[in-house]
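The structure appears right after this line, and notes come after that.
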Amino acid sequence: MSERLIMHIDLDAFFASIEQRDHPEYQGRPLVVGAKPGRRGVVATCSYEARRYGVRSAMPISEAARRLPVEAVYLRPDINRYGAVSQQIMTALQSLSPVVEKVSVDEAFLDITGMELLIGNAESIGQQAKQLIHDQVGLTASVGIGPNRLIAKLASDYQKPDGLTVVTADQVEAFLNPLPLTVLRGLGSKSAPILQRLGLRTIADVRRLSLLELRRQLGNLAGTNIYQQAQGIASDRVDDQSTRKSISKETTFDQDITDPAILRESLHWSAQEVGYVARQEHRKGSLVTLKIRFRGFDTHTRSRSLTTPTSADQEIFKTAWELYRNEPWDDQPVRLIGLGISGWDGAIDKLERQPDLFGDPAPHTEVRQDRLYQTLDEVSGKFGKHAIRLGSKRVDSKTESESE
DNA sequence: TCTGGGGTCCTAGGACCC
DNA sequence: TCTGGGGTCCTAGGACCC
């Protein structure tokens with residue numbers, strides 16, 4: 001197999017940069033996109049001027065306001081506008097490589113394997129990506145290129161803002177060694193301290209631990225995962241077809257709520273939002289989840305499977321409201337309430353994308369039993385038992401319509 | 001200093017079935 | 001009056017990421 005080349009692109013301070021681009025009067029000033037001071041919430045993104053005061057993403061807005069001078073600007077996020085800019089960027093990137101995986105509003109992976117022959121070495125491809133984004137939307141991005149997703153991602157983080165870092169396969173170990181272990185994916189505020197208590201600080205330190213020891217400390221799966229990452233082993237696949245698995249909407253109230261009518265109204269509104277998005281995306285979910293948060297960040301979820309998948313506002317709302325009413329929450333004041341739908345089962349997407357799985361999609365006059373079993377086995381082998389249900393449903397309906 | 005919103009993935013217990 | 005073992009589904013919680 002040929003060596004793969006993966007590029008990770010990360011827009012610099014995305015929300016804040018768009019605001020500064022569109023409002024020249026904000027340029028050069030500390031700018032925070034997120035909650036307004038005096039209300040509940042956190043910093044979503046802040047400009048580099050604000051970062052100089054120690055302000056960071058996810059920091060409570062109250063603390064950000066304490067750190068920043070009075071001339072700082074605070075804006076509510078305009079997700080629709082940012083989404084449009086994001087779409088422009090993703091479209092532009094497709095002119096560079098057909099395989100673009102959008103991982104969030106401000107991040108993408110590109111498979112640029114083999115492109116050196118066409119448009120120059122890795123460095124030059126990275127430069128072109130940056131130039132493309134700058135020409136299209138007037139923003140800067142940090143770019144990382146490496147033999148897999150992990151290395152590309154860490155490389156884009158290496159120099160910010162407006163950076164470009166290329167790590168070749170033979171440089172991976174030297175590149176990883178001095179980095180703090182917290183850059184590894186999946187080592188957050190709970191599991192990083194476990195390793196730090198063992199005196200580990202850098203990725204080189206982590207690599208000195210055996211697979212067995214890491215599994216003992218972090219659990220089998222997480223341990224194996226960190227063990228591999230520390231050696232620079234990670235996926236080198238870019239999935240340009242990835243689709244979301246859930247749609248949700250939640251609301252944190254400025255003051256905790258005790259009036260059920262307000263909670264009901266909020267859920268109703270959330271259901272409309274979620275239903276709308278689901279219908280836009282032609283999705284129906286068979287699992288409705290209620291999320292509720294009380295004082296002290298005490299968070300709970302309740303979910304119910306539906307016999308028939310839905311995208312109807314009323315049904316989503318009705319189910320979530322029942323989930324709320326079914327439970328003795330003891331009239332605790334509610335900080336957050338929300339709902340979501342999921343459960344369209346990944347196999348649906350895959351089957352829709354691969355109609356050939358069932359052979360020639362042209363109309364058949366009969367479905368031979370032996371052929372049916374053969375394809376069902378193929379499906380279950382590929383996608384697991386879920387797919388069998390879908391498969392049999394599909395064939396059943398065909399059989400039924402033929403017998404009419 | 002209290003902690004948004006939108007997600008993904010993993011774990012673990014109980015139900016249920018063979 | 002003692003009750004295995006494996007597999008899968010459902011549900012709740014939680015860690016983590018951007």
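Computation of the quantities below employed the complete heavy-atom set of this structure, encompassing side-chain atoms and omitting hydrogens, waters and symmetry-equivalent molecules. Naming: A, B, ... by sequence-line order, numbering from 1 per chain. Everything numeric in this text was worked out from a predicted model, so none of it was measured.
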A/R185 CZ to B/dC9 P: how many Å, rounded?
14 Å
Angle between ring planes, A/H268 versus A/F317, binned at 30° and 60°: parallel, tilted or perpendicular?
perpendicular
Quick one: which of B/dT11, B/dG4, C/dC18 gets closest to the side chain of A/A44?
B/dG4
Report the distance from atom CZ of A/R67 to atom P of B/dC2, rounded to the nearest whole Å.
13 Å
Taking NZ, NE, NH1 and NH2 as the nitrogens, is one of them in A/D256 or A/R40 under 4.0 Å from a carboxylate oxygen of the other?
yes
Just call it for A/I247: base, sugar-phosphate, or nothing, with non-hydrogen atoms closer than 4.0 Å on any strand.
sugar-phosphate
Taking side chain as C-beta onward, heavy atoms only, is A/S156 less than 4.5 Å from A/V143?
no
Which way is the base of B/dC2 turned, syn or anti, if we draw the line at 90° from 0?
syn
Check every atom of B/dT11, B/dT1, B/dT3 against the side chain of A/E63 and return the nucleotide holding the closest atom.
B/dT1
Given B/dG5, C/dA12, C/dC16, identify the nucleotide with an atom nearest to the side chain of A/E250.
B/dG5
What's the CD-P distance between A/Q255 and B/dT3, to the nearest Å?
12 Å
Rounded to whole Å, how long is the line connecting atom CZ of A/R302 with atom P of C/dA12?
5 Å
Under 4.0 Å between a side-chain nitrogen and a carboxylate oxygen: does that hold for A/R293 and A/E250?
no
Nearest-Å distance, CG (A/L336) to P (B/dG5)?
6 Å
Nearest-neighbour nucleotide for the A/S189 side chain, C/dC16, C/dG13, C/dT11 considered
C/dC16
Closer than 4.0 Å, any side-chain N/O of A/R295 to the OP1 or OP2 of B/dC2?
no
So, is A/K249 close to the B/dG6 phosphate, meaning a side-chain N or O under 4.0 Å from OP1 or OP2?
yes
With the side chain of A/S305 defined as its heavy atoms from C-beta on, choose the nearest nucleotide among C/dG13, B/dG4, C/dT11.
C/dT11
Using the six-membered base ring of B/dC2, report whether A/F297 stacks on it, requiring centroids under 5.5 Å and planes under 30° apart.
no
Write down the distance between CZ (A/R66) and P (B/dT1), rounded to a whole number of angstrom.
6 Å
Ring of A/Y48, cation from A/R51 - is the NZ or CZ under 6.0 Å from the centre and inside 45° of the axis?
yes
Map A/G219 and A/A58 onto DNA chain B by nearest heavy atom, then report which one ends up closer to the 5' terminus.
A/A58
Is A/I79 touching bases, backbone alone, or none of the nucleic acid, heavy atoms closer than 4.0 Å?
nothing
Roughly how far apart are A/L5 CG and A/L110 CG, rounded to 0.5 Å?
11.0 Å
Whole-Å C1' distance, B/dT3 and C/dG14
16 Å
A/F294 CZ - C/dG13 P separation (whole Å)
10 Å
For the pair made of NZ in A/K102 and C1' in C/dC17, what is the distance, rounded to whole Å?
16 Å
Does a side-chain N or O from A/S104 land closer than 4.0 Å to OP1 or OP2 of C/dC17, or not?
no
Quick check for you: among B/dG6, C/dC16, C/dT11, whose closest atom lies nearest to any side-chain atom of A/S191?
C/dC16
Given C/dT11, B/dG6, B/dG5, identify the nucleotide with an atom nearest to the side chain of A/S248.
B/dG6
Hey, does A/K153 reach any base, or is it just sugar-phosphate, or nothing, if we go heavy atoms under 4.0 Å?
sugar-phosphate
Which part of the nucleic acid, if any, lies within contact of A/L323, taking any heavy atom under 4.0 Å across all strands shown: a base, the sugar-phosphate backbone alone, or nothing?
nothing
Please name the nucleotide paired to C/dC18 by Watson-Crick or G-U wobble geometry with both distances under 3.5 Å, or report none.
B/dG5
Using OP1 and OP2 only, check whether a side-chain N or O of A/T301 sits under 4.0 Å from C/dA12.
no
In terms of the nearest nucleotide of DNA chain B, which residue is placed more toward the 5' end: A/R39 or A/V277?
A/R39
Counting only side-chain nitrogens and oxygens, does A/H300 get under 4.0 Å of the OP1 or OP2 atom of C/dA12?
no
Roughly how many Å apart are C/dC18 and B/dT1, using the C1' atom of each and rounding to a whole number?
22 Å
Is the shortest heavy-atom distance from the side chain of A/H300 to the side chain of A/D298 under 4.5 Å?
yes
Side-chain atoms of A/T252 come closest, of C/dC18, B/dG5, B/dT3, to B/dG5
Candidates B/dT1, C/dA15, B/dC9 - which lies nearest the side chain of A/K190
C/dA15
From the list B/dC10, C/dT11, C/dC16, which nucleotide is the closest neighbour of the side chain of A/L221?
B/dC10
